[in-house]
Structure formats: C-alpha cells, structure tokens
Amino acid sequence: MIKEQIKHLLDKCFAQGVMQGSWTAAAAGSYTVELPKHPAHGDFSTNFAMLVAGRDNKKPREVASLLAEKMARHKDLFDKVEIAGPGFVNFFVREAIWQSVVKSVCEHCYAYGSSQVGQKRKVLVEFVSANPTGPLSIGHGRQAVLGDAIARLLDATGHKVTREYYYNDAGRQMRVLGESTRARYLELLGLAAEFPEDGYQGEYIYDIARKLVAEMGDSLKETEDVTPFKEKAEQEIFANIAETLEKLDIRFDNYYNEHSLYEKGLVDDVVARLRAKGLAYDHDGAVWFKTTEFGQEQDRVIIKSTGEPTYRLPDIAYHREKLKRGFDWLVNIFGSDHIATVPDVMAGLRALGYDDSKVTVVIHQFVTLTREGNQVKMSTRKANFVTVDELFDEVGPDVVRFFFLMRKADSQLEFDLDLATKESQENPVFYVQYANARLSSIQKKANEKNISRKPLPDVVLEKLSLPEELNMLKALASYPALVEDAALDLSPHRIIFFLMDLAGQFHSYYNRHLVISDDLELTQARLWLAEALRIVFHNGLRVVGLSAPESM
RNA sequence: GCGCCUGUAGCUCAGCUGGAUAGAGCAACGGACUUCUAAUCCGUAGGUCACAGGUUCGAAUCCUGUCAGGCGUGCCA
C-alpha cells in the first residue's frame with residue numbers, strides 16, 4: 001500500500017510536469033515503482049526519469065532532480081529522496097510509516113492479506129480430473145495441491161471460486177478396468193482368467209477383487225458383462241481418491257461426469273454447430289474438425305469411424321458448458337502430458353463463438369521421484385508407480401503439500417524421498433511452521449508472566465527501530481500485494497518463498513534479541529510486533545492450505 | 001521434423017514480467033544452549049545466469065539462431 005501511495009504521487013508529479021512543460025506525456029504509464037535489492041538504494045525506487053528523458057530526448061539526471069525535488073516535499077512519508085546511478089530516484093521512507101504497519105496487520109488480523117481485487121468474478125478451477133482407474137499418483141498429487149492452493153488464493157482475493165473435478169466413467173479406460181478386475185476375480189477363485197494385454201496391473205485390483213469375492217462369492221464367475229466389475233472398481237477407487245484428497249484437506253464443490261454431456265445432447269450439439277459453420281466434415285468414415293482454420297498444422301478427428309468420439313470433442317463441449325454456466329474465468333490445471341488438448345479446446349471455443357481468453361491453462365511439469373539416488377518411473381498401467389498414499393506412509397500432509405508448492409508449475413519437480421523423510425529435521429516445512437510456533441510461544445510466555453498487550457494507541461512503536469525489525473516490518477507491509485500477485489499469476493510458490501524468507505529473518509532476530517525484557521515499553525512494542533508476525537505467518541500458511549501449529 | 005516447457009553455485013531451485021554489485025535452501029568446513037522452544041542461530045566458501053548474436057540508457061529476464069534435457073505431436077486420455 002505504501003508502494004501504491006508512491007505510485008500515486010508519481011502520477012501526480014508526472015501530470016504536473018506535463019502541465020508545466022517540463023516534459024511531454026509520452027512516457028505516461030510506463031514508469032514503475034520497484035523494490036531495490038540494495039539497502040543503499042532506499043526502500044523504493046523509480047525509473048521515472050530514465051523513461052521520461054528517453055522519450056523526450058532529455059538528460060535523465062535533470063529530469064530526476066526535478067522529480068526528486070517535487071517528491072521530497074512529502075516529508076510525512078520520506079526521510080530523504082536521492083538521485084543515483086543513471087537516473088534512479090530512490091525513496092527512503094520514514095521509520096514511523098513502517099512501524100505503523102503493526103497496527104494495520106493487527107487490526108485486520110486474519111483478514112490481513114485478503115482483498116477484493118477479484119471483484120467477485122466467478123472462476124471455476126478444474127483440477128485432478130483423474131478417471132477412477134487407480135489411486136492418485138504423485139503427479140496427480142502435485143496437481144491436486146497446486147489446484148487447491150490456487151483456489152485458496154483466488155478465494156482470498158475476492159473471487160467466487162468453484163472447484164471442479166471432471167471425470168469419465170464410460171470410456172475405454174474404464175472398460176479395461178472392469179476387465180482387469182474380472183480377471184483378478186476369476187484368478188482368486190482359481191479359475192482360468194485372461195488378463196487384458198493393456199490391463200491395470202496394480203495390487204489394488206486384487207484388493208477390489210477380494211472384496212467382490214467376499215461379498216458375492218463365485219456368483220459372478222459366469223457373467224459376461226463387465227459392468228458389475230467396472231462399477232465395483234469405480235466405487236472403490238473413487239472412495240480411495242476422496243480419502244486421499246481429504247487427507248490433503250482438499251474438497252471439491254462439484255464432480256462433473258463427462259457422461260452427462262452426452263445425456264444432455266451437448267456433444268452432438270457441438271458437432272452440429274461445427275458442421276453448420278463448415279468447420280467439421282466427413283472423411284475416411286470419421287468426422288474431422290478443421291483445426292487448420294485455427295492455426296494448427298492438421299485437422300483433428302472428433303468422431304472416430306467406430307462412431308465413438310475422441311477425447312477432444314467432449315472436452316470442447318465441457319468447456320463451452322462451463323462458460324455457459326456463467327463463469328467469467330476458467331482456470332485449468334493440467335499435467336504436461338495433456339498439453340495437446342489445449343489448442344483443440346481453444347480452437348473449439350473460438351469456433352463456437354466463445355471468448356477463449358477467459359480460459360487460463362496452468363501446465364505443470366512432471367514430478368520425478370528419487371529414492372536412494374534412483375529415479376522411480378511412474379505408469380498407472382504398470383505396478384511400479386508411487387501413489388500419494390504411499391507418500392503418506394513416510395511424510396505428513398503438510399510436507400507433501402509444501403514440497404509440491406515449493407516449485408513453480410513450469411519447473412519439473414524432484415521429490416527426494418530420502419530428503420523429505422530422513423532429514424525431516426532440516427525440512428523447510430518445519431522451519432516455517434516453527435517460526436509460527438515460537439511466536440505463539442512468546443505470547444503464552446507473556447501471559448504466564450501476566451504481561452498483557454496494552455491497546456495499540458498506548459504503545460510506543462518507535463521502539464521498533466533495529467534494522468532487523470524494520471526489515472521484518474517491510475516484509476509484513478509487502479504481504480497483501482504479494483497475495484494479490486500470487487493469486488492473479490496463479491503462482492502459489494511465491495507465498496512459500498516469502499514465508500521461508502520471513503522465517504529466516506525471524507529466527508535470526510529471535511536468537512539475537514529478547515521480546516520480553518525488563519524494558520516495559522520495548523517489551524510492549526515487541527510483543528505487538530510478534531503478534532503481527534504471528535498473524536502473517538498464520539495467514540500465509542493457511543492461504544496455501546498449510547497448517548499453522550501453535551506448538552511443535 | 002514441428003509445437004510447448006526447462007537450462008542460474010557441487011545438488012534442488014527463486015529471481016517481483018527490462019533495472020543498479022546475482023539470491024536462498026541443502027551438501028562442506030568452523031563456532032553458539034544458566035535467557036520467550038537448538039526443529040534455531042552466527043561465520044567461511046561457492047557463478048562465463050547453456051552458447052553465439054541482436055534490441056537500448058540498462059538483459060538472467062525480450063528477439064533470432066545453436067546445443068542439451070523433458071512432454072507432446074493418435075481415429076489413446
């Protein structure tokens with residue numbers, strides 16, 4: 001908010017300068033307020049002079065001195081305003097401004113960092129969307145955590161969020177699942193069974209088959225229809241997926257079944273409309289979508305010669321339906337292996353007259369899992385994949401969540417099990433949570449000593465004048481803008497990095513200075529600082545779905 | 001072949017969308033518990049930002065090309 005204040009003042013100076021003929025309006029809106037890396041460069045700086053001078057062919061330092069003079073008049077805000085380097089104007093903000101951040105944090109408390117930039121825009125976050133063919137893999141885990149954290153961030157910034165899980169229980173995959181289950185069922189009964197060539201080989205299929213044997217005996221041994229096997233498997237697997245998600249504290253508002261698109265005729269309608277616009281045609285017994293009209297290299301099949309649709313057709317229908325349901329923004333979390341559907345869906349929406357800029361796709365790269373130095377390969381079909389459940393055998397949900405959020409979606413994520421488990425003492429998760437616990441502990445200690453925090457107006461916040469204290473206050477001040485940026489950029493990892501940095505600052509401070517001391521005024525000020533820190537740790541952890549333990 | 005993503009310290013990764021002298025955590029080495037939790041802290045060391053050009057006041061960041069890795073490129077999802 002201080003940054004915004006400075007930006008606002010710059011805009012005023014800019015307009016004033018234009019009126020006075022000091023410069024033209026050419027550079028309007030191009031200059032920015034930045035946080036310099038180096039403390040000698042002040043708390044904030046602006047490239048105003050360089051950009052204005054550049055457009056007008058003036059000398060940057062001359063423009064800078066004019067600007068600096070105007071800005072320096074705001075003595076309530078700035079200690080000093082300096083010109084440096086090629087024409088930067090650096091602002092040194094008064095300590096009192098930073099100290100007042102304590103008030104702002106504590107007044108807003110658990111709402112500090114929340115905002116209304118979303119303006120109640122309706123956004124649908126679609127993620128996981130794994131068909132119920134097996135337990136959630138590590139890759140799904142990353143997606144689940146990423147999607148949930150993004151949903152939480154959007155929620156905190158005033159969006160109206162719906163979390164949706166899209167699945168298909170009617171396709172080829174599910175038929176193979178049913179066949180696999182039947183094969184295991186017959187096998188358990190000691191009967192001859194042909195296991196499908198591309199069947200699901202995981203141990204969990206045996207578990208499901210065992211349940212069937214227990215519940216049905218051998219009554220299904222003559223059944224030709226795979227439906228009972230498929231349905232049992234689906235039911236069991238979905239229950240397992242829901243349980244896994246529950247452990248991660250992830251709940252969906254809606255499960256959307258692909259099948260319902262067919263029932264409502266929405267799939268056929270897409271084809272009809274594409275045909276009507278001349279964007280779909282028959283060839284070799286299949287129906288093709290003219291994706292070449294939308295910049296692709298080749299047209300794509302949407303209905304196979306067997307009469308079955310390909311995945312992209314219902315995908316297009318689904319996204320169209322989401323927009324028709326009134327969502328202003330569709331956020332999709334996809335694994336990089338599904339990237340191919342994106343251009344097809346976008347083309348489909350445009351073809352049908354919808355605005356595809358309302359769709360943002362977050363593509364996350366793969367998770368590679370290493371154990372004892374070896375990379376574990378993953379495949380749902382084969383038995384050697386690692387599931388989220390297996391991860392829970394070794395580390396808790398907070399560790400899983402934190403590790404998955406530590407990297408930006410674009411990066412491949414190496415999950416080193418040895419590091420996450422064996423060396424859990426050095427774990428960054430605990431490092432951050434420990435900061436929260438210590439802060440809570442300080443408040444408890446104060447209570448034990450019968451020291452209660454006095455009302456803020458009676459507290460001498462000027463006592464918070466150590467460089468470490470001011471730096472922490474600056475971090476606290478930057479938090480609301482960070483949440484906003486992280487939400488709009490769909491980048492929860494930024495919150496993680498902020499928390500790790502702030503935790504580092506706090507632990508260092510904690511080891512050096514006592515909050516509760518003989519100096520009563522100082523103790524009051526620091527107790528309030530500790531409270532402000534605790535609130536921001538709490539809010540930061542919670543906004544990405546991590547727990548904020550008061551003791552560890 | 002083509003498309004998307006990635007390439008930054010020994011390892012894993014940030015780098016606020018073009019700013020000033022490049023950042024953190026691990027790992028390595030040396031230190032700190034009569035004080036609010038040592039799951040912590042302090043210190044040392046570590047770099048041709050893959051490579052080559054270009055754009056401009058200014059490039060790890062933008063554009064082009066090259067190299068390397070990942071994922072796609074199906075009438076699989």
Side-chain angles (χ1 to χ4, degrees), chain A residues 32 34-38 40-41 45-47 50-51 53-54 60 84-88 90 129-131 133 168 171-173 198 283-288 296-298 300-312 314-315 335-343 363-366 368 370 406-416 419 423-431 433-435 437-446 448-449 478 481-482 485-486 489 491 493-494 496-498 500-501 503-504 506-517 523 526-527 530 551-552:
Chain A
T32 54
E34 281 145 23
L35 304 175
K37 287 178 211 155
H38 220 263
H41 297 145
S45 76
T46 181
N47 52 6
M50 270 116 59
L51 291 168
F88 287 103
N90 297 332
S129 295
N131 287 339
T133 59
N168 173 24
R172 195 188 66 87
Q173 282 186 3
D198 53 354
H283 179 67
D284 285 347
V287 182
W288 297 69
Q296 292 193 36
E297 277 183 13
Q298 45 186 305
R300 304 287 179 186
V301 170
I302 48 175
I303 299 178
K304 304 183 221 172
S305 50
T306 61
E308 282 180 297
T310 63
Y311 61 89
R312 40 181 88 83
D315 273 5
S336 60
D337 55 334
H338 280 58
I339 194 170
T341 73
V342 177
I363 302 279
H364 73 266
Q365 298 296 316
F366 262 39
T368 55
T370 56
M406 248 187 334
R407 318 268 99 116
K408 65 181 174 198
D410 281 342
S411 300
Q412 287 183 28
L413 190 157
E414 185 166 311
F415 201 114
D416 187 341
L419 201 100
E423 299 185 271
S424 65
Q425 294 187 345
E426 307 293 332
N427 219 307
V429 190
F430 300 125
Y431 185 78
Q433 291 183 327
Y434 188 47
R438 272 184 155 172
L439 286 159
S440 304
S441 167
I442 290 172
Q443 305 296 350
K444 271 178 230 153
K445 192 74 185 180
E448 279 169 26
K449 292 190 170 186
S478 73
L482 172 80
D485 289 347
D489 281 356
S491 307
H493 75 277
R494 288 211 202 163
I496 300 290
F497 279 89
F498 171 84
M500 290 200 287
D501 178 72
F506 168 67
H507 285 310
S508 173
Y509 174 73
Y510 180 93
N511 272 274
R512 245 176 146 114
H513 308 285
L514 279 173
V515 170
I516 301 166
S517 67
T523 298
R526 286 184 174 174
L527 274 176
S551 64
M552 289 174 71

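Computed from a predicted model, the values in this text were never measured in an experiment. Naming convention: chains lettered A, B, ... in sequence-line order (proteins, then strands); numbering from 1 in each chain.
Nucleic acid contact for A/K304: base, since at least one base atom lies under 4.0 Å from a heavy atom of the residue. The residue A/S305 sits close to a base: some heavy atom pair falls under 4.0 Å. A/H38 comes within 4.0 angstrom of a base, heavy atoms only. Looking at heavy-atom distances under 4.0 Å, A/E34 makes contact with a base. Using a 4.0 Å heavy-atom distance criterion, A/S45 is classed as a base contact. Counting any heavy atom pair closer than 4.0 Å across all strands shown, A/N47 reaches a base atom. Using a 4.0 Å heavy-atom criterion, one finds that A/K449 contacts no nucleic acid atom at all. Among the heavy atoms of the strands, none lies under 4.0 Å from A/H364. Contact annotation for A/Y431: backbone-only contact, meaning every heavy-atom pair under 4.0 Å involves sugar-phosphate atoms and none involves a base. Looking at heavy-atom distances under 4.0 Å, A/D501 makes no contact with the nucleic acid at all. In this structure, A/Q443 reaches neither bases nor backbone, as no heavy-atom distance under 4.0 Å exists between it and the strands shown. Base contact: A/L35 has a heavy atom under 4.0 Å from a base atom. Among the atoms of the strands shown, base atoms are found under 4.0 Å from some heavy atom of A/S551. Within the nucleic acid shown, A/A437 comes within 4.0 Å of at least one base atom, counting heavy atoms only.
The nucleotide whose nearest atom lies closest to any side-chain atom of A/L514 is, among B/G70, B/C36, B/A20, B/C36. Of all nucleotides listed (B/U40, B/A39, B/U73), B/A39 comes nearest to the side chain of A/M552. Between B/G69, B/A14, B/C75, one nucleotide has an atom nearer to the side chain of A/H493 than all others, and that is B/A14. For A/Q365, counting side-chain heavy atoms from C-beta on, the closest listed nucleotide (B/U40, B/A77, B/C5) is B/C5. Side-chain proximity of A/F497 to the nucleotides B/A14, B/C75, B/G70 is greatest for B/A14. Side-chain proximity of A/S411 to B/G19, B/U73, B/A14: nearest is B/A14.
When rounded to the nearest whole Å, the span between CD of A/Q296 and P of B/G72 equals 17 Å. Atom pair A/R407:CZ and B/G7:P shows a separation of 12 Å (rounding to whole Å applied). Residue A/Y509 contributes atom OH, which lies 14 Å from atom P of B/C42 at whole-angstrom precision. The CG atom of A/D489 sits 8 Å away from the C1' atom of B/U17 (whole-angstrom rounding). In this structure, A/Y510 atom OH and B/U35 atom C1' are separated by 9 Å, rounded to whole Å. Spacing between atom CZ of A/R438 and atom P of B/U35 amounts to 13 Å, rounded to whole angstrom units. Here B/A20 presents its P atom at 10 Å from CE of A/M50, a figure rounded to the nearest Å.
For B/A32, the paired nucleotide is B/U40, the pair qualifying as Watson-Crick or G-U wobble because both relevant distances are below 3.5 Å. With a 3.5 Å ceiling on both atom-pair distances, the Watson-Crick or G-U wobble partner of B/C57 is B/G19. Within the shown strands, nothing qualifies as a pairing partner of B/C49 under the Watson-Crick or G-U definition with both distances less than 3.5 Å. The partner of B/G25 is B/C11, judged by Watson-Crick or G-U wobble contacts that both fall below 3.5 Å. When both distances must be under 3.5 Å, the Watson-Crick or G-U wobble mate of B/C71 is B/G3.
Remark: ring of A/H41 stacked against base of B/A20; centroid gap under 5.5 Å, plane tilt under 30°. The aromatic ring of A/F88 stacks onto the base of B/A20, its centre lying under 5.5 Å from the centre of the six-membered base ring with the two planes under 30° apart.
Look at B/U21: its glycosidic torsion is beyond 90° from 0, and that puts it in the anti range. A glycosidic torsion no more than 90° from 0 defines the syn conformation, and B/C33 adopts it.
In this model, the phosphate group of B/A20 is approached by a side-chain N or O of A/K37 to a distance below 4.0 Å at OP1 or OP2.
Donor-acceptor pairing under 3.5 Å is lacking for the side chains of A/R407 and A/H364.
The C1' atoms of B/C16 and B/A60 are separated by 14 Å, rounded to the nearest whole Å. Taking atom P in both B/A24 and B/U34, one finds a spacing of 30 Å when rounded to whole Å.
Aromatic ring pairs are classed by plane angle as parallel below 30°, tilted from 30° to 60° and perpendicular above 60°; the pair A/H38 and A/H41 is tilted.
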